[in-house]
Amino acid sequence: MENDTAPATAGDSNNGKGNENENQGQKKKNHNKYRRDKPWDNENIDHWKIDPWEDEKDQLPGGRLLEESSFATLFPKYREHYLRQVWPVVTKTLDNHKIACELDLVEGSMTVRTTSRTTDPYVIMKARDLLKLLARSIPVAQALKILQDDWVCDIVKIGGTVRNKERFIKRRQRLVGQEGSTLKALELVTSCFILVQGNTVSIMGQSYHGLKQARQVVLDCMNNIHPIYHIKRLMIMKELQKDEKLKDEDWSRFLPKFAKKNVQRKKPAVSKSKKREYTPFPPEQTPRKVDYQLDTGEYFATEEQRKSRQLAIKKVKSKATSVEKRKAREESEEQVPVKKSKVETAAHKDSKDIDLEKLQSNLKKLAGSENGKGSKLSDFVDSGSSPKKSKKKKSKH
């Protein structure tokens with residue numbers, strides 16, 4: 001009997017393996033197959049919460065630290081006077097956390113280190129941050145808050161972001177704003193304390209989220225992006241976060257999108273200078289002071305002769321000015337002052353205003369009299385000139 005089945009080739013075997021791999025790839029792996037529920041798998045537990053260290057409950061293995069840890073920070077010279085006044089407060093606060101500190105005014109450094117009594121292993125890192133903030137001109141009342149577990153800090157270095165010094169100062173001032181208004185608005189939006197000092201920006205806050213936002217705004221400001229754009233964006237995000245419906249949704253449709261505009265500024269017109277003809281000879285040398293003295297012969301004169309010559313020139317100049325002043329004074333005296341004429345013409349006298357009230361009263365009198373007999377023009381119009389009384393000369397007996 002003949003077999004209808006053909007022998008399997010190498011290509012068929014490869015196709016079969018490929019189908020098996022595809023079937024395995026389609027099946028999803030169950031990573032939680034052997035996982036049991038843990039006691040901390042609870043939605044009510046905040047895994048990001050940092051519990052404070054309590055000496056009664058929390059203890060180190062062995063009861064103490066095996067090695068001594070220390071950190072040192074340099075501070076500028078202008079900060080020395082303030083640190084000397086404040087150092088007793090810093091020492092007392094760190095002593096409550098069982099940390100030793102030292103202020104070296106010769107080298108200009110501050111040092112913190114653990115002691116045999118130190119129980120909290122992370123408090124030395126907090127003390128290191130305290131020294132950094134004090135060195136960057138943070139007030140001691142604000143800097144001591146960093147020793148609390150819910151406070152964090154960040155120091156942004158902005159010194160190397162801009163090469164040009166004038167441009168760096170302008171952008172740093174843009175971050176501060178007029179009378180600190182921009183910096184105050186940024187503090188309210190990010191819920192952080194921000195201080196700009198020299199080539200650094202110190203940021204303190206109670207959440208890493210606010211610290212990250214403030215750092216981004218500072219770096220973008222030094223890269224020529226105005227902080228007001230970020231402040232507007234953060235204000236909208238803060239309001240959306242309060243809404244329970246929009247809390248977990250995409251906020252991209254609510255946030256403003258600012259397009260970057262490349263505004264071309266007018267460059268100052270440069271006057272094109274005419275091309276000079278090429279000459280292989282160098283330009284003539286400008287004469288020196290000694291050359292002028294040699295031409296006039298003053299170079300060979302003594303010091304007394306030079307002084308006497310200068311005095312003579314000064315006298316000639318003063319004499320010329322005095323002559324000019326005298327001439328101007330004489331000319332002003334010769335001019336006759338113009339007097340204003342106060343002669344009034346007859347036409348000017350006749351152009352005076354007529355008294356209307358007197359005219360009306362005369363008309364009423366005329367209406368009351370009989371047919372207005374014996375009326376004259378002077379009864380109605382006031383000519384403004386009163387008749388002069390003739391004085392009689394008394395005869396001397």
Side-chain angles (χ1 to χ4, degrees), residues 48 50 71-80 82-83 86 90 108-112 122 124-238 255 258 260:
W48 290 98
I50 301 173
F71 292 99
T73 306
L74 298 175
F75 59 87
K77 184 71 176 176
Y78 63 85
R79 197 71 177 152
E80 180 181 336
Y82 180 77
L83 289 174
V86 170
V90 177
S109 64
M110 297 178 286
T111 310
V112 289
Y122 192 72
I124 187 64
M125 307 300 290
K126 291 281 187 179
R128 179 201 62 180
D129 294 340
L130 172 64
L131 297 187
K132 286 183 178 180
L133 294 173
L134 288 173
R136 297 317 307 151
S137 301
I138 300 283
V140 67
Q142 180 69 27
L144 289 174
K145 293 180 183 178
I146 200 64
L147 296 174
Q148 302 173 15
D149 291 327
D150 56 343
W151 278 84
V152 287
C153 71
D154 187 13
I155 296 175
V156 187
K157 295 180 180 179
I158 58 174
T161 53
V162 185
R163 291 183 179 180
N164 192 355
K165 189 176 180 181
E166 293 180 359
R167 194 174 297 169
F168 169 76
I169 293 168
K170 284 182 180 179
R171 292 183 184 178
R172 186 179 63 180
Q173 183 60 33
R174 188 186 299 168
L175 178 64
V176 177
Q178 188 176 5
E179 298 180 358
S181 57
T182 307
L183 198 66
K184 187 66 178 176
L186 189 60
E187 286 180 351
L188 293 172
V189 172
T190 57
S191 302
C192 295
F193 174 83
I194 305 171
L195 180 70
V196 181
Q197 177 67 28
N199 294 332
T200 58
V201 179
S202 305
I203 309 169
M204 286 181 66
Q206 291 181 303
S207 66
Y208 285 102
H209 183 64
L211 237 65
K212 187 178 178 182
Q213 288 176 340
R215 185 184 183 89
Q216 188 63 38
V217 174
V218 170
L219 293 176
D220 285 346
C221 180
M222 301 309 295
N223 291 327
N224 203 20
I225 299 174
H226 204 282
I228 195 65
Y229 298 120
H230 287 288
I231 291 170
K232 287 181 179 179
R233 189 182 181 89
L234 292 172
M235 285 172 67
I236 296 168
M237 290 170 67
K238 198 170 185 179
L255 299 177
F258 301 103
K260 191 173 182 180

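Residue numbers start at 1 and run along the sequence shown.
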Please collect all side-chain hydrogen bond (donor to acceptor under 3.5 Å, both in side chains) contacts where either partner lies in [range], sequence neighbours excluded, each pair once.
range            : result
residues 192-203 : Tyr78-Gln197, Arg136-Thr200
residues 209-236 : Asp154-Arg215, Arg174-Asn224, His209-Gln213, Gln216-Asp220, Asp220-His230
residues 155-170 : none

Nearest-0.5 Å distance, [atom1] of residue [X] to [atom2] of residue [Y]:
X      : Y      : atom1 : atom2 : value
Lys126 : Cys153 : NZ    : SG    : 7.5 Å
Ile231 : Ile236 : CD1   : CD1   : 12.5 Å
Ile203 : Leu211 : CD1   : CG    : 5.5 Å
Arg79  : Leu74  : CZ    : CG    : 14.5 Å
Cys221 : Arg171 : SG    : CZ    : 8.5 Å
Leu131 : Phe71  : CG    : CZ    : 10.0 Å

Report yes if the side chains of Ile158 and Leu175 come closer than 4.5 Å at any heavy-atom pair, otherwise no. no
Keeping to residues at least two apart or across chains, list the ring pair (Phe, Tyr, Trp, His ring centres under 6.0 Å) pairs with something in residues 143-198. none
With a 3.5 Å distance limit and no angle check, can you tell me whether Tyr82 reaches the backbone of Val140 through a side-chain donor-acceptor pair?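 Yes.
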Show the nearest heavy-atom pair for residues [X] and [Y], with the distance to one decimal.
X      : Y      : result
Val217 : Pro227 : CG1-CB, 4.1 Å
Phe75  : Ala135 : CB-CB, 4.1 Å
Ile146 : Met204 : N-CE, 4.1 Å

What residues, two or more places apart in sequence or in another chain, satisfy side-chain contact (heavy atoms from CB on, under 4.5 Å) together with Tyr208?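 Result, side-chain contact (heavy atoms from CB on, under 4.5 Å) vs Tyr208: Val152.
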Partners of Glu80 by side-chain hydrogen bond (donor to acceptor under 3.5 Å, both in side chains), sequence neighbours excluded? Lys77
Please set out all donor-acceptor pairs under 3.5 angstrom arising from side-chain atoms of residues 178-192, sequence neighbours excluded.
residue	atom	partner	partner atom	Å
Ser181	OG	Gln178	O	3.0
Glu187	OE2	Ile194	N	3.1
Thr190	OG1	Leu186	O	2.6

